[in-house]
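The block underneath contains the structure these notes are about, expressed in structure tokens.
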Protein chains: 2
Amino acid sequence: MQQALTRKLESFEPLSDQARWALNGLVLKVRQVEARQDLIQEGDKPDNVLLILDGFACRYKVLPDGQRQIMALLVPGDFCDLNVFILDEMDHSIGTISTCQVVDIPRRAIDEITVHHPSIARAFWWCSLVDGAVLREWLVNIGGRAPVQRIAHLLCELLMRLEAVGRVTDNSYTFPLTQTEIADTMGLSDVHVNRTLRELRALGLIHLKHRVLTILDVERLKAFCLFTPNYLHLRNTRWGERRALNWPGRAQEG
Amino acid sequence: MQQALTRKLESFEPLSDQARWALNGLVLKVRQVEARQDLIQEGDKPDNVLLILDGFACRYKVLPDGQRQIMALLVPGDFCDLNVFILDEMDHSIGTISTCQVVDIPRRAIDEITVHHPSIARAFWWCSLVDGAVLREWLVNIGGRAPVQRIAHLLCELLMRLEAVGRVTDNSYTFPLTQTEIADTMGLSDVHVNRTLRELRALGLIHLKHRVLTILDVERLKAFCLFTPNYLHLRNTRWGERRALNWPGRAQEG
DNA sequence: CGGGCCGTTGACCTGGATCAAATGGAGTGG
DNA sequence: CCACTCCATTTGATCCAGGTCAACGGCCCG
């Protein structure tokens with residue numbers, strides 16, 4: 001099941017057998033971590049790269065007033081910062097949401113594999129660029145979209161990201177966030193998340209029960225929140241068709 | 001004046017004379033660009049790296065409904081993505097806010113300088129990691145902070161970033177954004193931005209007129225929005241003292 | 001002098017936060 | 001098997017921060 005990473009990287013570009021084999025070599029000591037545990041805390045100086053093999057984790061910060069903001073969701077195949085070493089210390093924490101399987105990859109192993117396999121180096125770069133793109137889209141999401149489309153957008157994004165690592169069947173995937181966690185992610189109150197989910201259910205767009213989310217009508221959900229997948233920069237998946245979906249107007253000139 | 005980049009990189013770690021000289025070599029054909037022009041548009045496939053020498057630019061997206069979201073401000077010394085080449089196409093646009101001086105650095109020049117100067121390669125890495133950190137902080141800002149502190153936080157951040165490239169004198173810097181642009185940045189309405197600025201003025205925290213911002217009481221403004229500069233990862237500036245400012249509680253354990 | 005852009009202000013109204021309480025399910029222990 | 005606890009979800013009621021609409025004023029520039 002740890003081919004999540006390989007599979008994800010191959011949605012960027014195909015890898016040679018050697019490269020795939022080298023990637024498997026990164027996965028040595030797999031750790032099982034309970035839900036709601038910190039993997040790294042703000043202020044730490046990590047000396048390993050973390051790779052999520054299974055489960056959901058998140059980057060988050062807690063403001064002095066207790067307000068917690070989740071800034072990213074990490075799903076199977078996701079790294080937390082391939083180059084953290086360069087920074088003095090973590091400026092945010094990373095914690096598990098569900099039970100996770102995690103690998104600690106020593107810095108040196110990353111260095112070696114990227115030296116020996118330029119294709120992997122490129123693919124790793126791609127990962128961090130995509131992470132940035134996702135982050136920007138989240139900013140757009142929170143800053144610009146109404147709560148219903150905001151949540152719908154998150155669900156669409158996760159559908160595609162999880163699809164890319166083979167965690168989706170019949171438009172349905174495990175979605176372990178509590179409503180409060182969704183609230184902390186989307187900058188909403190938990191009460192309002194509840195009502196918004198109800199609305200999405202009433203619209204016949206989703207079904208969410210017992211931590212399993214089913215998207216009842218993918219195309220309608222995407223249209224509903226004007227989801228444009230370009231920012232995920234997928235190439236080789238069946239989702240990655242290069243087309244301008246829902247892209248009427250261009251930026252106005254000054 | 002183009003030592004903005006050098007100066008910024010040296011707030012990460014000192015550079016040798018050779019490295020500094022090589023950096024200057026990157027700056028060849030400087031372009032002057034009017035305010036409100038696109039430097040790169042969504043969908044483009046850029047073949048140069050852009051470096052801002054002077055002026056303000058921004059990353060933005062325009063949603064199908066016309067809503068515009070600014071996702072980052074680029075100030076002197078800022079790059080737009082050192083590795084865009086890896087991606088198929090831009091997923092957002094970059095446009096100038098004020099008149100800007102911009103350099104187009106060919107991909108090859110970047111490759112060469114990083115090969116010959118590992119310290120610069122590290123420093124470039126640091127840049128992109130900091131960009132990511134800033135982006136995350138913006139997410140926290142929009143998702144978690146009330147409008148007044150949100151704007152105050154932006155002003156604090158800019159103070160420090162501009163300070164790092166020598167664009168601040170007497171706690172005062174050029175701030176070319178219109179109120180509408182601030183609104184598009186902060187996920188607020190322009191009317192409310194206006195009132196919020198008035199509030200900050202009334203509190204005696206800032207003075208903003210004719211595109212020049214003066215922070216009347218830096219410490220009070222920082223305290224006001226609970227500004228924590230750790231995410232900027234500055235080391236060698238007088239702001240970069242390594243201390244846990246305003247950091248009472250730790251993340252709770254599950 | 002006139003037009004356009006930007007900032008400012010007032011009036012109104014609504015979306016979403018907040019508070020509070022009830023329901024339901026999963027686990028635990030008697 | 002039932003009682004009890006702990007949490008997440010659900011729902012109702014209330015309130016206000018901030019969006020929306022509209023008008024005006026100032027400034028720059030042609």
Side-chain angles (χ1 to χ4, degrees), chain A residues 34-37 56 63 65-70 96-99 141-152 154 174-202 206-213 252-254, chain B residues 34-37 56 63 65-70 95-99 141-152 154 174-202 206-213 225 252-254:
Chain A
E34 297 278 287
R36 280 143 226 239
Q37 302 298 315
F56 275 51
L63 297 184
D65 68 352
Q67 164 84 252
R68 159 176 157 143
Q69 177 72 40
I70 293 178
T96 58
I97 288 177
S98 61
T99 305
N141 208 20
I142 294 191
R145 276 186 265 261
V148 211
Q149 3 278 340
R150 198 182 300 180
I151 292 185
L154 175 68
T174 307
F175 182 71
L177 304 222
T178 71
Q179 295 187 354
T180 305
E181 284 161 339
I182 302 178
D184 287 346
T185 308
M186 303 306 253
L188 297 167
S189 70
D190 47 2
V191 175
H192 202 250
V193 166
N194 182 289
R195 297 195 164 115
T196 303
L197 286 175
R198 169 147 57 95
E199 190 176 342
L200 287 173
R201 238 169 303 176
I206 65 165
H207 178 90
L208 173 55
K209 199 143 216 181
H210 301 309
R211 305 290 130 101
V212 174
L213 177 87
Q252 75 295 6
E253 209 66 351
Chain B
E34 298 278 287
R36 280 145 228 238
Q37 302 298 317
F56 274 51
L63 297 184
D65 68 353
Q67 162 85 250
R68 160 174 156 145
Q69 177 71 41
I70 293 177
T96 59
I97 287 176
S98 62
T99 304
N141 209 18
I142 295 192
R145 275 187 266 260
V148 211
Q149 2 277 342
R150 200 182 299 182
I151 292 185
L154 175 69
T174 308
F175 181 71
L177 303 220
T178 72
Q179 294 187 353
T180 306
E181 285 163 338
I182 303 178
D184 288 346
T185 308
M186 304 305 255
L188 297 168
S189 70
D190 46 3
V191 175
H192 202 250
V193 166
N194 182 291
R195 295 192 166 116
T196 304
L197 286 175
R198 169 148 55 97
E199 189 176 344
L200 287 173
R201 239 168 304 178
I206 65 166
H207 178 90
L208 173 56
K209 199 145 214 179
H210 302 307
R211 306 286 130 103
V212 174
L213 178 88
C225 60
Q252 74 295 7
E253 208 66 348

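By convention in this document, chain letters (A, B, ...) are assigned in the order of the sequence lines, proteins followed by strands, and residues within each chain are numbered from 1. Heavy atoms only: backbone and side chains are in, while hydrogens, waters and symmetry mates are out.
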Can you tell me the distance, in whole Å, between the [atom1] atom of [X] and the [atom2] atom of [N]?
X	N	atom1	atom2	result
B:Leu177	C:dC6	CG	P	12 Å
A:Arg36	D:dC6	CZ	C1'	12 Å
B:Arg198	C:dG7	CZ	C1'	11 Å
B:Arg145	D:dA17	CZ	P	20 Å
B:His192	D:dA22	NE2	P	20 Å
B:Phe175	C:dC6	CZ	P	14 Å
B:Glu34	D:dC29	CD	P	13 Å
A:Asp190	D:dC7	CG	C1'	12 Å

Check whether any side-chain nitrogen or oxygen of [X] sits under 4.0 Å from OP1 or OP2 of [N], and answer yes or no.
X	N	answer
B:Arg211	C:dC6	no
B:Arg201	C:dT8	yes
A:Asn194	D:dT10	yes

Record whether the side chain of B:Arg195 comes under 3.5 Å of the base of C:dG10 through a donor-acceptor pair of N or O atoms.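 Indeed, a donor on one side and an acceptor on the other fall under 3.5 Å apart.
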
Does A:Ile142 reach the side chain of A:Gln69, with side-chain heavy atoms less than 4.5 Å apart?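 Counting from C-beta outward, A:Ile142 and A:Gln69 do come under 4.5 Å.
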
Polar side-chain atom of [X] near backbone of [Y] as donor-acceptor pair, under 3.5 Å:
X	Y	result
B:Ser98	B:Phe56	yes
B:Gln37	B:Gly95	no
B:Thr96	B:Thr99	no

More 5' along DNA chain C: A:Ser189 or B:Gln179, using each one's nearest nucleotide? B:Gln179

If you find the nucleotide of DNA chain C closest to A:His210 and the one closest to A:Ala146, which residue's nucleotide is nearer the 5' end?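 The residue closer to the strand's 5' end, by nearest nucleotide, is A:Ala146.
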
Please name the residue in the list B:Thr196, B:Leu177, B:Asn194 that meets the side-chain contact (heavy atoms from CB on, under 4.5 Å) test with B:Ile182. B:Leu177

Report which part of the nucleic acid A:Leu188 touches: base, sugar-phosphate, or nothing (heavy-atom distance under 4.0 Å, all strands).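 It contacts sugar-phosphate atoms only.
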
Describe the nucleic acid contact of A:Thr178 in one word from base, sugar-phosphate, nothing, applying a heavy-atom distance below 4.0 Å.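 The answer is sugar-phosphate, as A:Thr178 gets under 4.0 Å only of primed atoms, P, OP1 or OP2.
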
From C-beta outward on B:Val191, which listed nucleotide comes closest to its side chain: C:dG10, C:dT18, C:dG16? C:dG10

